[in-house]
Amino acid sequence: MSEERSLNFLEEIIEEDLKNGKYKTIVTRFPPEPNGYLHIGHASSICLNFGLTQKYPGYTNLRFDDTNPVTEETEYVDSIKEDVKWLGFEWKHERYASDYFETLYEFALKLIDKNLAYVDDISAEEMAAMKGTPTEPGKDSPFRNRSVEENRDLFVRMKNGEFPDGVRTLRAKIDMAHINMLMRDPILYRIKHAHHHRTGDKWCIYPMYDFAHGQSDSIEEITHSICTLEFVPHRELYDWLIEKLEIYPSHQYEFARRNINYTVTSKRKLLQLVNEKHVTGWDDPRMPTISGLRRRGYTPESVREFCDRIGVAKRDNMVDVGVLEFCVREHLNRIALRRMVVFDPLKIVITNYTKDEEILLSENNPEDENGGSREIPFSKEIYIERDDFMEVPPKKYFRLAPGQLVRLKSAYIIKCEEVVKDAAGNITEVHCSYIPESKSGEDTSGIHVKGTLHWVSVRHAVKATVRLYDRLFRVEDPTDEAGDFKEYLNPDSLQVLPVVYAEPSMKQAVLPERYQFIRKGYFVLDRDSDNDNLVFNKTVGLKDAWAKEVKKG
RNA sequence: UGACCCAUGGUGUAAUGGUAACACUACUGAUUUUGGUUCAGUCAUUUAAGGUUCGAAUCCUUAUGGGUCAACCA
């Protein structure tokens, strides 16, 4: 039973650290900024950080990187917590960078006292101009050599609110000619007279990312601070600050963010889609957000499985959504209740059926022996799917056609006898005969048919609404195309079928339950449902070999 | 015209100097009361060129390609 699974590069680092005694336990953190909802890319980071401390001794904190009050809101904090929990993880401590504002302020003072930070009065424009370029060194600010006393005085006054936004900053004194642009006297604090979602109006100076993240890691004694590749150049500054501050040495490690095709995973872009109403909200089922996936019907298990399968590495990647879809199908196939729902009805009249009705039994899930079964009423008039009948069938079509036999799932074999049309030539109904000895479970007819159709009794059908989703974008990588990424939105990403016909047991449909509409796909009840109308979201379709066959021609 | 990161099938991830593996996709076929599921099978001389070595995807050099860095964002 020894499942030899190779380690990813972070696990290798950790095993090495554990083996050589560098650490006895490890501490990681998941550090979102509460300025948007979490998306599938964050799920990878969550699974990674929490997964590591499930595998190795230690724990994971949830830390909100809330150092920019103008973009952050409590609504986001709440959604993030909900999403992490939904994914199935428990954090040890819930922390906020804002918990540390006082300490961070002390840290800044310490740097000033060591003559490693100074207050600068130049404007943002001047600063940018003096920053240099990757190939040219920057220039020292004329305020770079202020005395420690003056810096201290000015910084305290910045904190006390004596200056308006933007007129002064606190910068680290490193090297304006440094080859790493981030080391060219980075800004540590800026003035923002803004209301913070947690500290209110207490502060008017706020630390920058580089003066908050590593310090928070250090305060929490995070051993392995894992972030994405774009922070690689920040590591040098991360280490410099920890060294100069003489605080707990956390270490930063970077991995490549996971990209998925036909969607975008950037909070900024997702926010645009929400604000400009291209979707109904952060949890629109088409969104790659955790809340969108949840509403779409994805299970936490399937999302975790996905993250596990795509792994972690340092190379750029573009994961096919097909993997995500495979993961939900795999899980849903095991747990979803099978139900029959006809989307586009064609009425079948079984001419030789003389009973008023009868109750048939059908299994809830063929994958689950203990899944039980439910009752389905059968009668003389039923609906089948319009495209399950063809007057002139192509080769290899084994659904209903004139003279052809077909089985109605969990019921009888029927034979098409007559096609009824209206004056315009449209097929209005199809008359069939049934074979009484072919009843499911007690079939003595000896007849074998290739096709089995789902159906619903006309008289007993329950009306419902179904929402079908397609990929949000028409192209694999919308951000890689010319022009605005929104030009590449898929105009047909949502299709609503206001009325579909479901078997009566669907009246009992409940939200957490997952359903497979036989031969259609997986569906979940949406919160927009009410007593008068059930609304279902399509999570993902079934694999469809026939559709492929048809496409091939 | 700089620094840093990266390069293995269509895709993602392994192989940690000893005859390239797993999964997804695609394609075959078998089973099937879901054209689903399940099962069996097919699909790469590891970006290139040198070098080290008995032996290189792995180490070295160079080239090529991709990515990142000049927000008072994170």
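Quick note: numbers below take in every heavy atom, side chains included, and nothing from hydrogens, waters or symmetry partners. Sequence lines set the chain letters: A, B, ... in the order given, protein chains first and strands last, and positions in each chain run from 1.
Ion pairing between Lys55(A) and Glu11(A) holds under the 4.0 Å rule for side-chain N and carboxylate O. Using a 4.0 Å cut-off between charged nitrogen and carboxylate oxygen, Lys396(A) and Glu549(A) count as a salt-bridge pair.
A donor-acceptor contact under 3.5 Å is formed by the side chain of Arg407(A) with the base of U33(B). With hydrogens and angles ignored, a donor-acceptor pair closer than 3.5 Å exists between the side chain of Ser440(A) and the base of U33(B). The base of A74(B) lies close enough to the side chain of His234(A) for a donor and an acceptor atom to sit less than 3.5 Å apart. Between the side chain of Gln516(A) and the base of U34(B), at least one donor-acceptor pair of N or O atoms lies under 3.5 Å.
A ring-centre distance under 6.0 Å is found for Phe517(A) and Phe536(A). Proximity of the aromatic rings of Tyr209(A) and His234(A) is defined here by a centroid distance below 6.0 angstrom, and this criterion is met. Aromatic rings of Phe523(A) and Tyr515(A) (six-membered ring for Trp) have centroids beyond the 6.0 Å cut-off, not under it.
Evaluation of the salt bridge (Lys or Arg N to Asp or Glu O under 4.0 Å) test over residues 437-448 of chain A, restricted to residues two or more places apart or in two chains, returns Glu358(A)-Lys439(A), Arg407(A)-Asp443(A). Listed by first then second residue, pairs satisfying salt bridge (Lys or Arg N to Asp or Glu O under 4.0 Å) with a partner in residues 161-187 of chain A read Asp120(A)-Arg171(A), Asp121(A)-Arg168(A), Arg144(A)-Asp185(A), Arg157(A)-Glu162(A), not counting sequence neighbours. Among residue pairs with one or both ends in residues 322-341 of chain A, those qualifying as salt bridge (Lys or Arg N to Asp or Glu O under 4.0 Å) are Arg309(A)-Glu330(A); sequence neighbours excluded. Identified under the side-chain hydrogen bond (donor to acceptor under 3.5 Å, both in side chains) test for residues 446-455 of chain A, with sequence neighbours left out: Glu385(A)-His454(A), His454(A)-Arg519(A). Residue pairs meeting the ring-ring contact (aromatic ring centres under 6.0 Å, His included) criterion with at least one partner in residues 172-195 of chain A, sequence neighbours excluded, are Phe155(A)-Tyr189(A), Tyr189(A)-Phe211(A). Among residue pairs with one or both ends in residues 31-49 of chain A, none qualify as salt bridge (Lys or Arg N to Asp or Glu O under 4.0 Å); sequence neighbours excluded.
If you check every strand for non-hydrogen atoms under 4.0 Å, Pro31(A) touches nothing. Contacts of Glu254(A) with the nucleic acid, taken as non-hydrogen atoms under 4.0 Å apart, are absent. Among the protein residues, Gly451(A) comes within range of no part of the nucleic acid, since none of its heavy atoms lies under 4.0 Å from any strand. Using a 4.0 Å heavy-atom criterion, one finds that Tyr206(A) contacts no nucleic acid atom at all. In this structure, Phe211(A) reaches neither bases nor backbone, as no heavy-atom distance under 4.0 Å exists between it and the strands shown. If you check every strand for non-hydrogen atoms under 4.0 Å, Val312(A) touches sugar and phosphate atoms only.
Between the CZ atom of Arg315(A) and the P atom of A14(B) there is a distance of 6 Å, rounded to whole Å. Rounded to a whole Å, the CD atom of Glu549(A) is 7 Å from the P atom of U28(B). Atom CG in Asn317(A) sits roughly 15 Å away from atom C1' in G10(B) (whole-Å rounding). Residue Lys551(A) contributes atom NZ, which lies 16 Å from atom C1' of G35(B) at whole-angstrom precision. Taking atom CG of residue Asp544(A) and atom P of nucleotide G35(B), one finds them 9 Å apart after rounding to whole Å. Per the geometry, CG belonging to Asp308(A) stands 14 Å off C1' belonging to A14(B), to the nearest Å. Across the protein-nucleic acid pair, Asp477(A) atom CG and G10(B) atom C1' stand 16 Å apart, rounded to whole Å. Across the protein-nucleic acid pair, Phe306(A) atom CZ and A23(B) atom P stand 18 Å apart, rounded to whole Å.
Distance check on atom C1': G50(B) versus U11(B) gives 31 Å, rounded to whole Å. Taking the P atoms as reference points, A74(B) lies 50 Å from A20(B), given to the whole Å. Straight-line distance between the P atoms of C6(B) and A40(B): roughly 38 Å, to the nearest whole Å. On the P atoms, U32(B) is 47 Å away from A48(B), given to the nearest whole Å. Between the C1' atoms of A3(B) and G12(B), the separation comes to 30 Å (whole Å). Nucleotides A14(B) and G55(B), compared at atom P, are 29 Å apart to the nearest Å. A15(B) and A71(B) have their P atoms separated by 39 Å, with the value rounded to a whole Å. Across G18(B) and C60(B), the matching P atoms stand 16 Å from one another, rounded to whole Å.
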For nucleotides 24-26 of chain B, list the nitrogen or oxygen atoms of the protein found under 3.5 Å from its nitrogen or oxygen atoms, one pair per line.
| from | atom 1 | to | atom 2 | distance (Å) |
| --- | --- | --- | --- | --- |
| A26(B) | OP1 | Lys548(A) | NZ | 2.7 |

Set out, line by line, the N/O atom pairs under 3.5 Å between protein and nucleotides 64-73 of chain B.
| from | atom 1 | to | atom 2 | distance (Å) |
| --- | --- | --- | --- | --- |
| G67(B) | O4' | Asp316(A) | OD2 | 3.4 |
| C72(B) | N3 | Gly166(A) | O | 3.2 |
| C72(B) | N4 | Ile122(A) | O | 3.2 |
| C72(B) | N4 | Ala124(A) | N | 3.3 |
| C72(B) | N4 | Gly166(A) | O | 2.7 |
| C73(B) | OP2 | Arg190(A) | NE | 3.1 |
| C73(B) | OP2 | Arg190(A) | NH2 | 2.8 |
| C73(B) | OP2 | Lys192(A) | NZ | 3.0 |
| C73(B) | O3' | Arg190(A) | NH2 | 3.1 |
| C73(B) | O2' | Asn68(A) | ND2 | 3.0 |

Check: protein-nucleotides 42-44 of chain B nitrogen or oxygen pairs below 3.5 Å:
none

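Counting heavy atoms from C-beta outward, Leu38(A) and Tyr76(A) have side chains that stay 4.5 Å or more apart. Contact of the Thr539(A) side chain with the Arg514(A) side chain is not registered, since no non-hydrogen atoms from C-beta on lie closer than 4.5 Å. Put simply, the side chain of Leu111(A) does not reach to within 4.5 Å of the side chain of Leu170(A), judged on heavy atoms. Using a 4.5 Å cut-off on side-chain heavy atoms (C-beta onward), Phe306(A) and Ile40(A) make contact.
Remark: Asp17(A) engages no residue in a salt bridge (Lys or Arg N to Asp or Glu O under 4.0 Å) (not counting sequence neighbours). Judged as a salt bridge (Lys or Arg N to Asp or Glu O under 4.0 Å), and not counting sequence neighbours, Asp470(A) has no contacts.
The residue among Asp65(A) and Ser438(A) whose nearest nucleotide of RNA chain B lies closer to the 5′ end is Ser438(A).
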Output field dot_bracket for RNA chain B (Watson-Crick or G-U, both distances under 3.5 Å, | for other-strand pairs) contains .((((((..((((....[..)))).(((((.......)))))....(((((..]....))))))))))).....
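Among the nucleotides G2(B), C4(B), A14(B), the one closest to the side chain of Val232(A) is C4(B). The listed nucleotides are G36(B), C4(B), G35(B); the one nearest the side chain of Asn333(A) is G36(B).
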